[in-house]
K.L.:
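Just passing along the structure, written as structure tokens.
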Amino acid sequence: MSADAQRAEGERRPIWWMQRESGGCSASRQLGYDPAPFAREELPRIMAIERTLSILKPDATERPGATGEILRRFEAAGLRIIALKKIRLSDEIARGFYAVHKARPFYGDLVKFMTSGPVVVSVLEGENAVRAHRDLLGPTNSSEAPKGTIRGDFGTDIERNAAHGSDATATAKIEISYFFGAAEILAPVEAL
Ligand code: CMP
């Protein structure tokens, strides 16, 4: 393999690969070095490893093949799925999730749409995950989203826009805990 190809291969490798490699060093094991704290605390800091919440909305989950294709795109972009479930939101859960929009005129319709069918909720982890995920989604309004983006390919308009993604790491933390308990999320150390 050429030097360029080796470098490209290295850049393509996801975080779990690096964690596995750091944990797989027998010399460090023999020395009694525990790589877990490094993988858990230092690597994310050095590499800006973030977590974000993704919701595939009812218009996406009802389309045959769309759920698999969208999750494939997340993984192909280096985002690791560390929690995943398919659920039907209750009126109360949908209202609570979008409470920040409750004064907006579209709130009622948004809640009605989000409870109209199953959603696929996941936690994605990776370098700059919030931005990376939103770039894959494209603009909020599907009618303005370019082809090749998830909202452009699977959504219709600003309400039926196929997917939701957290807009910042602080929001992601709140949104993730809204849907997942700690025991449902794979910790980085589990990749070792
Ligand atoms: P989402 O990323 O789930 O966050 C809030 C949602 O509100 C957004 O995607 C849109 O689906 C919806 N939304 C935002 N603005 C409008 C609007 N003007 N009319 C209808 N729905 C909207």
Side-chain angles (χ1 to χ4, degrees), residues 14 44 48-182 184-186:
I49 300 303
E50 297 172 353
R51 290 179 174 184
T52 192
L53 184 85
S54 171
I55 306 178
L56 308 189
K57 300 187 180 186
D59 56 335
T61 65
E62 79 183 2
R63 288 179 68 150
T67 297
E69 170 56 18
I70 296 170
L71 295 177
R72 188 201 65 75
R73 291 186 190 188
F74 293 161
E75 291 194 311
L79 295 168
R80 191 173 156 242
I81 300 167
I82 59 169
L84 179 71
K85 57 188 168 191
K86 187 173 194 177
I87 51 175
R88 180 90 182 242
L89 301 185
S90 67
D91 189 71
E92 186 187 359
I93 295 285
R95 282 185 181 281
F97 184 74
Y98 282 118
V100 65
H101 296 302
K102 70 169 179 263
R104 311 286 289 276
F106 58 81
Y107 180 65
D109 284 342
L110 176 62
V111 168
K112 203 165 154 197
F113 167 56
M114 291 301 289
T115 56
S116 66
V119 296
V120 171
V121 195
S122 63
V123 180
L124 306 175
E125 183 178 79
E127 198 165 3
N128 299 313
V130 170
R131 178 81 264 153
H133 179 228
R134 286 174 73 83
D135 285 350
L136 290 172
L137 297 187
T140 305
N141 191 339
S142 279
S143 63
E144 294 168 3
K147 286 289 163 210
T149 64
I150 288 164
R151 284 170 171 153
D153 291 346
F154 300 102
T156 311
D157 53 31
I158 196 161
E159 181 184 278
R160 299 174 65 85
N161 67 346
H164 165 85
S166 308
D167 62 4
T169 50
T171 326
K173 209 168 176 181
I174 296 165
E175 292 185 350
I176 289 168
S177 65
Y178 193 77
F179 283 108
F180 293 96
E184 295 176 289
I185 302 171
L186 300 182

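Starting from 1, each residue takes its place in the sequence as its number. Note that the coordinates shown come from a computational prediction; the quantities given were computed from them, not determined experimentally. First listed ligand is number 1; within each ligand, the first listed atom is number 1.
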K.L.:
Among all residues two or more places apart in sequence or in another chain, which pass the salt bridge (charged side-chain N to carboxylate O under 4.0 Å, His left out) test with E144?
P.N.:
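So E144 forms no salt bridge (charged side-chain N to carboxylate O under 4.0 Å, His left out) with any residue.
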
K.L.:
Test: ring-ring contact (aromatic ring centres under 6.0 Å, His included). Region: residues 49-70. Which pairs qualify, not counting sequence neighbours?
P.N.:
none

K.L.:
Which pairs, with at least one residue in residues 96-110 and sequence neighbours excluded, count as a salt bridge (charged side-chain N to carboxylate O under 4.0 Å, His left out)?
P.N.:
none

K.L.:
Pairs of nitrogen or oxygen atoms, one from ligand 1 and one from the protein, closer than 3.5 Å: please tabulate them with distances.
P.N.:
unit_1	atom_1	unit_2	atom_2	d
ligand 1	2 (O)	R151	NH2	3.3
ligand 1	2 (O)	H164	ND1	3.0
ligand 1	3 (O)	K57	NZ	2.7
ligand 1	3 (O)	Y98	OH	2.5
ligand 1	3 (O)	H164	ND1	3.1
ligand 1	9 (O)	K57	NZ	3.2
ligand 1	9 (O)	N161	ND2	3.3
ligand 1	11 (O)	K57	NZ	3.2
ligand 1	11 (O)	I158	O	2.7
ligand 1	11 (O)	N161	ND2	3.4

K.L.:
Can you tell whether the side chains of R63 and D59 come within less than 4.0 Å, N to carboxylate O?
P.N.:
no

K.L.:
For a quick test of reading the model, state the closest non-hydrogen atom pair linking Y107 to Y98 and the distance between them.
P.N.:
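Answer, listing the atom of Y107 first, then Y98: CE1-O, 3.2 Å.
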
K.L.:
Roughly how far, to the nearest 0.5 Å, is the CZ atom of R95 from the CG atom of L89?
P.N.:
12.5 Å

